[in-house]
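Let me begin by presenting the structure, written as C-alpha cells, before commenting on it.
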Amino acid sequence: MTRATLLSAFALFVLAAQGPSGAPPPAAEDFHASYGEWAVAADQTLASQAGAEILAAGGNAADAAAATMLALGVVNPASSGMGGGGFLLYYEASSGELTFLDFRERAPAAATPDMFEEAPSPVEGPANRASQVGGLASGVLGEPAGVAEMVRRFGRLPLGRVVGPAARYAEEGVPVSEPVSRMSGYFAAQMKRDAVMSGWFAEGAEALAPGQRLVQPELGQTLRAFGRGGARAIYRGRIAREIVRANRAVGGLFTVEDLAAYEVKEREPLEGTHFGHRWVTAPPPSAGGFTMLQSLAILEQIPERHRPVAEGDRPGPAFLHALAESWKGPFLDRQRYFGDPDHVELYLDRMMAPERIEARAGAFHPTLAMPAADYDQPLFPEEDAVHQSDNAGTSHLCVVDGEGNVAAVTTTVNLPFGARYTAAGIVMNDEMDDFASAIGEMNAFGLPGGAPNLPGPGKRPISSMTPTIVFGPDGLPALCAGAAGGSRIVTATQQVALHHLVFGMALGEALAAPRVHHQGAPDQLRTENVMPMDDERIAALVARGHAHEPIRNIANAQVISIVREGDEVTLTAASDPRKGGRPAGR
Ligand code: GLY
C-alpha cells in the first residue's frame with residue numbers, strides 16, 4: 001500500500017470521525033438528572049434503561065453495568081458489543097476494594113509483528129487497511145468473557161436475567177439513533193458486503209435512517225445462548241466455530257484454540273492523589289490512566305499563578321494552555337514505551353519518577369506553546385524521536401447502585417462497526433489497528449507506531465480507554481467518569497473531572513463545557529465545533545503559539561457524581577450531549 005493510499009484512507013476516516021465542520025450543537029436539555037437511590041449513565045438512552053431495569057429487578061452495579069454493556073452493543077453496534085472488548089473498574093462498597101478487569105481483545109496465535117507491513121487493503125472506502133477492516137483486523141473478542149466474569153465475581157442476578165434486556169432489544173428491534181445513522185452513512189458500502197449488516201439497510205438506502213427499527217434476530221439468539229451457557233457458549237462449540245469460520249472467510253487467522261484460550265485478566269489499577277482527590281484509573285494495556293495521572297502531576301508542579309483555578313469559574317486560557325502542555329510529554333511516553341504488560345517490560349515507576357515530572361514541568365513556558373520534543377524525557381540513551389497514535393469509536397458507562405457500589409466500564413469494537421463483518425450476528429472488532437502496524441508506519445490517523453506495541457501471538461494492543469473513579473477527601477467515591485473517542489478519551493475524562501471537582505462546576509455544566517485536546521503530535525490544539533469555545537479564549541491560546549485545529553467533538557463522556565449529606569445520597573448522572581444519550585435512575 002502506498003503512503004498516498006494510506007493518507008487518503010486516513011483523511012476519509014477522520015472525516016467520518018469528525019463529521020461536517022460547523023455542525024450545530026446537539027439539543028442538550030435533559031442529558032443530566034439527579035437520583036436518590038441508583039443511577040446509570042450510558043451514551044444511548046435505551047442502554048441506560050437496560051441497566052435501570054436490572055437494578056429495579058434487584059441487581060447491583062455489576063449486573064447493571066453488564067446489562068448496559070450488552071444493550072449498548074445492540075443499540076449502537078458501531079461503537080461496542082459482544083465482538084469487542086473493554087475494561088471494568090469496580091468499587092465494592094462493603095469492602096472498599098477496587099478491582100480492574102481487562103477483557104481487551106487479544107491477537108490470535110498466528111499474529112506476527114510484520115503481519116500488516118505488506119498486507120493489501122481488503123476493500124475500498126474509508127478505514128480500509130488490513131488492520132481496520134476484514135478478518136486480520138480482529139482480535140479475539142473479550143466482551144463475553146468480561147461480562148460473564150463481572151457478573152460471576154460481583155453480580156447478584158443470574159447471567160440469563162442480565163442478558164434479558166439486550167436480547168429483547170435485538171429480537172424486538174430498536175430505533176436507530178443519530179450517531180449510528182451518521183456512521184452507517186460513511187461505512188455503508190463496506191457494511192453491505194456482510195450478509196447480516198446488509199439486511200439492516202432499506203432497499204437502495206445509503207445509510208440507516210434515524211428512527212428506523214433495527215432488528216437483529218441472529219444476535220438475539222447468540223445473546224440468549226450466552227445467557228444460558230455463559231462464556232463457554234461463545235468461546236467453545238458451535239458459536240466459537242462460527243466465529244472462526246466468519247473470521248477466516250474474510251481473511252483472518254482465528255482458530256478454535258484462540259477462542260478457547262481467551263482469558264480475562266485482573267490487574268492492579270493505577271492511582272495518584274492530585275488536586276485534593278484520589279484518582280483511581282486504568283493500568284496498562286491502557287495508556288490512558290498513565291497519561292491522565294502524569295498530566296495531573298505535571299499540572300500540580302506548574303506554579304498556580306501560571307494555571308489559576310477559581311472555584312465556580314471556567315478554565316481560563318492560562319489553565320487550558322498548561323493542560324495542553326501537560327499532555328505532550330506523557331503522550332510521547334505512550335508511543336515509545338507502552339505495550340501489553342504481559343509481553344513487554346513497562347517502566348511505569350521510572351516514567352512517573354518525580355525528577356522526570358519536575359523536568360517536564362520545568363520545560364513549561366506560561367506564554368509559549370513548546371514543541372513536544374521539549375518535553376521528551378528518554379529513559380534510555382540514543383532513542384529516536386516518536387509520534388503518537390489515535391482512533392475513534394468506543395462507549396463509556398457508569399453505574400452506582402443503592403449500596404454504593406460503582407462500576408466504570410469502557411468498551412469498544414474500535415472503529416465504527418469494527419472490522420465491518422459479523423459472526424453469529426455479532427459485529428466483530430478491528431482492535432488490531434490499536435497495535436503499531438510497523439515501527440514508524442502510520443495508523444488510522446496518519447501517525448507512526450512504536451516497537452513495544454507491535455502485534456504478536458496473544459498480545460493485547462495498547463488502549464486509550466480510561467474508566468476512572470475519583471475519591472473525595474472523605475475517602476469515598478465522588479465521581480465515576482470515562483469517555484469514548486480514541487486518544488481524546490484521556491483528555492476529555494480529565495477535563496470533565498477537573499471542571500467538576502476542581503473548578504466546582506455543576507456536573508451537567510462540567511460535561512457540556514467546551515474541551516481542548518493536545519497529544520503532542522500532530523502539533524495541534526483541538527477545540528470542538530459542537531461545543532464551541534469562545535473566540536477570546538481561543539485567541540489567547542493562539543497568541544501563545546498553539547496551532548488551532550477545530551474538530552467535530554472531543555470524545556463523549558459519561559459521568560455520575562456522588563454527594564453525601566448525612567444519610568442522604570444524591571447521584572447526579574449525565575450522558576454527554578455530544579452523543580445524545582440520556583441517563584436513567586431512581
Ligand atoms: N480502541 C479504542 C481504544 O482502546 O483506545
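Note: hydrogens, waters and symmetry copies are ignored here, and every other heavy atom, side chains too, is used.
Using a 4.0 Å cut-off between charged nitrogen and carboxylate oxygen, D340 and R460 do not count as a salt-bridge pair. Between D342 and R106, no side-chain nitrogen of the basic residue sits less than 4.0 Å from a carboxylate oxygen of the acidic one, so the salt-bridge criterion is not met. Using a 4.0 Å cut-off between charged side-chain N and carboxylate O, K265 and D102 make no salt bridge. One finds a salt bridge joining R104 and D434 here, because a Lys/Arg side-chain nitrogen approaches an Asp/Glu carboxylate oxygen to under 4.0 Å. A salt bridge links R182 and E178; the closest N-O separation between the charged side-chain nitrogens and carboxylate oxygens is under 4.0 Å.
Between F103 and F87, the distance from one ring center to the other does not fall under 6.0 angstrom. If you look at F338 and F290, their ring centroids are closer than 6.0 Å. If you look at F417 and F187, their ring centroids are not closer than 6.0 Å.
For residues 206-229, the pairs satisfying salt bridge (charged side-chain N to carboxylate O under 4.0 Å, His left out) are E171-R224, with sequence neighbours left out. Sequence neighbours left out, the pairs with a member in residues 137-151 that pass salt bridge (charged side-chain N to carboxylate O under 4.0 Å, His left out) are E149-R152, E149-R153.
No side-chain N or O of S575 forms a donor-acceptor pair with one of Q558 less than 3.5 Å apart.
Listed by chain and residue number, nothing satisfies the ring-ring contact (aromatic ring centres under 6.0 Å, His included) test with F226 (two or more places apart in sequence, or in another chain).
Tested against H517, the residues R488, E549, Q524, Q495 include a single side chain to side chain contact (heavy atoms under 4.5 Å, CB included) partner, R488.
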